[in-house]
Amino acid sequence: MTGHSVLDTDILVIGSGPGGSVAATKFAEAGRSVLMVEEGEHLPLDATPHFSCEEMLHKYRSAGVGVALGKRKLAWVEGSCVGGGSEVNRGLYHRTPPYVLERWARDYGVVDLSPGEMTQHFEACEAVATVQHMPGKPSESSQALERGATKKGWTAIAAPRLYRYDTADGRGSKQSMSATFVPRFKELGGNLLADVRIQRLRRTNRTWEASGVRTSGAQKTQITIRADTVFVACGAVQTPALLRRSGIRHNVGNSLRFHPMLKIIAEFDHEVNAPGDFDPVHQIKEFEPRFGMGCSIAKPPLLAMLQAARPGNWTSIERDWRRMGIYYVQTSGGRATVRNLPGFASPLVRIHFTPEELSTLADGLRHLADVLLAAGSVRLRPCIAGYPDLDRQTGLAGLPEALEAPDGSLTSVHVFSSCPMGEDRARTATDSFGKVHGTDGLYICDASLLCTPTIANPQGTVMAVAHRNALVALDRKFG
Ligand SMILES: Cc1cc2nc3c(=O)[nH]c(=O)nc-3n(C[C@H](O)[C@H](O)[C@H](O)COP(=O)(O)OP(=O)(O)OC[C@H]3O[C@@H](n4cnc5c(N)ncnc54)[C@H](O)[C@@H]3O)c2cc1C
């Protein structure tokens with residue numbers, strides 16, 4: 001490592017995902033001197049095709065490989081680039097369900113977070129990052145799920161997205177952070193440094209010192225940033241890892257949660273998956289909060305990856321992928337911890353599922369199979385090693401009552417709750433507005449704060465909570 005630079009700023013925001021970008025923009029709007037640093041690259045949204053290998057290499061942490069270890073493993077992914085997860089996700093959007101906010105108030109003592117109080121924060125974020133329903137017809141794979149739900153008499157919706165549709169046939173642009181809040185932040189005079197990983201925080205004489213490494217090509221230099229106030233927004237796994245490395249541990253990294261997901265590939269007797277199709281948007285809400293269902297992107301490499309443990313199916317995927325869709329069931333089970341290991345850059349994540357949580361997953365899988373058969377699927381391939389294919393003859397026989405999933409079948413793209421907020425200090429890492437208990441001038445402003453899983457897609461909640469907390473911090477003058 002060569003060289004060492006030292007920078008000074010009033011406010012330092014670490015991480016540029018939805019939490020960091022929204023908060024940093026509010027501070028820049030208020031005329032404060034703000035530096036936002038990001039470990040990943042700064043790339044335009046269209047620098048890599050969506051859901052491509054290039055995207056995984058440049059915009060995901062560890063090229064999309066992350067695993068929570070335990071008796072039952074869970075594979076998860078995080079974005080790592082300017083804009084964080086918003087750059088790689090589909091932007092399916094929901095405001096937080098009122099029953100979730102009410103639970104956080106009741107169980108964690110979060111104040112001023114009623115659905116009514118949150119409305120202004122959702123509206124303010126939606127004014128910068130547009131949320132719209134797709135104007136045209138959704139893809140055939142999406143409509144198939146809706147048809148199945150209608151046959152079963154279950155409630156299904158077409159979810160809106162963080163997307164601005166410019167034409168009636170559904171063309172437009174995704175409203176990721178790099179396309180919305182980040183340019184606004186920079187126009188307002190905010191400073192952004194990409195390729196900077198903060199490794200440790202230290203408090204000296206009423207100032208915070210953030211030390212880390214700046215990467216430029218093959219060259220690495222040390223960097224120290226001095227700030228009056230620090231907002232940590234590294235995402236729900238990296239935030240507790242950074243805080244714990246810095247000696248801050250009270251309820252930090254003990255309560256990480258996911259939306260664990262199981263998938264089924266459904267094969268139809270007609271084409272449901274044409275190149276250039278719009279992203280599927282239908283979701284089945286009937287059984288929430290126990291479990292929810294929806295459809296995923298089903299490009300051939302994704303179909304093949306999901307059948308990696310079943311080589312017998314590879315040839316048919318190559319031949320018949322246009323007749324196949326990927327569908328998921330998602331729950332909120334499993335509890336995980338985040339711990340640093342000496343000598344390792346990445347933290348160890350350990351997860352545990354109760355027998356009830358595994359039964360809920362199995363029940364969700366049965367419901368998903370049921371609705372897909374009702375939708376007219378001719379063959380279902382559960383994406384779990386050892387599970388048999390299903391069709392109308394076999395029905396649901398062959399699906400177990402409780403999950404027997406061998407390693408690798410559970411996945412998640414939603415992570416939260418590792419540093420919950422609220423006034424109940426026995427359960428929380430920060431106060432109701434993200435200020436870390438027992439510290440001065442240190443805040444969290446990302447998905448770590450969400451006390452429990454959101455059940456609905458979480459990015460809207462992450463943004464609105466960051467907006468709310470930034471306004472309160474400005475109002476209190478960061479006291
Ligand atoms: C594939 C995928 C699909 C998803 N689909 C949806 C969806 O359709 N709808 C939805 O609502 N949500 C979706 N999500 C979840 C959503 O993207 C996240 O909830 C959201 O991005 C979380 O925001 P955040 O600010 O907490 O963290 P992140 O978005 O994870 O951002 C954290 C940033 O901090 C950076 N960072 C980490 N550590 C450091 C460090 N030490 N120093 C400097 N920088 C650091 C990271 O590189 C990252 O860019 C999806 C996520 C993924 C990965």
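Counting starts at 1 for both ligands and their atoms, in listed order. Residue indices begin at 1 and follow the sequence shown.
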[X]-ligand 1 polar pair, N/O distance under 3.5 Å:
X      : value
Val77  : no
Tyr60  : no
Asn89  : yes
Gly85  : yes
Cys81  : yes
Gln459 : yes
Val462 : no

Test of understanding: given a 4.0 Å heavy-atom threshold, classify the contact between [X] and ligand 1 as side chain, backbone, both, or neither.
X      : result
Arg61  : side chain
Ala236 : neither
Ser448 : neither
Gln238 : side chain
Arg161 : neither
Val82  : neither

Ring-plane angle category for His259 and Phe416, please: parallel below 30°, perpendicular beyond 60°, tilted otherwise. perpendicular
Under 3.5 Å, is there a donor-acceptor pair between the side chain of [X] and the main chain of [Y]?
X      : Y      : value
Ser142 : Val281 : yes
Glu209 : Thr204 : no
Trp208 : Ile225 : no
Glu286 : Thr155 : yes
Arg161 : His133 : no

Could you check which of [options] puts a non-hydrogen atom nearest to [atom]?
atom                    : options                : value
atom 32 (C) of ligand 1 : Ser80, Ala233, Gly19   : Ala233
atom 41 (N) of ligand 1 : Ile198, Asn457, Thr461 : Ile198
atom 27 (O) of ligand 1 : Ala241, Gly235, Ala466 : Gly235
atom 10 (C) of ligand 1 : Val13, Val281, Leu92   : Leu92
atom 24 (P) of ligand 1 : Asp446, Leu162, Val465 : Asp446

protein heavy-atom neighbour closest to atom 2 (C) of ligand 1 works out as Val413 CB, 3.6 Å
The protein heavy atom nearest to atom 46 (C) of ligand 1 is Glu38 OE2, 3.5 Å
Ligand 1 contact by Thr239, heavy-atom criterion under 4.0 angstrom: no
Tell me whether atom 18 (C) of ligand 1 lies less than 4.0 Å from at least one protein heavy-atom position. no
Which residues share a salt bridge (Lys or Arg N to Asp or Glu O under 4.0 Å) with Arg468, sequence neighbours left out: none
Sequence neighbours excluded, the answer for salt bridge (Lys or Arg N to Asp or Glu O under 4.0 Å) partners of Arg61 is Glu39, Glu78
Before accepting this row, confirm whether a basic side-chain N of the pair Arg171/Asp166 lies closer than 4.0 Å to the acidic partner's carboxylate O. no
In a check of side-chain hydrogen bond (donor to acceptor under 3.5 Å, both in side chains) between His437 and each of Thr430, Asp431, Thr428, which one passes? Thr428
Residues Ala194 and Val82: closest non-hydrogen pair is CB-CG2, 4.0 Å
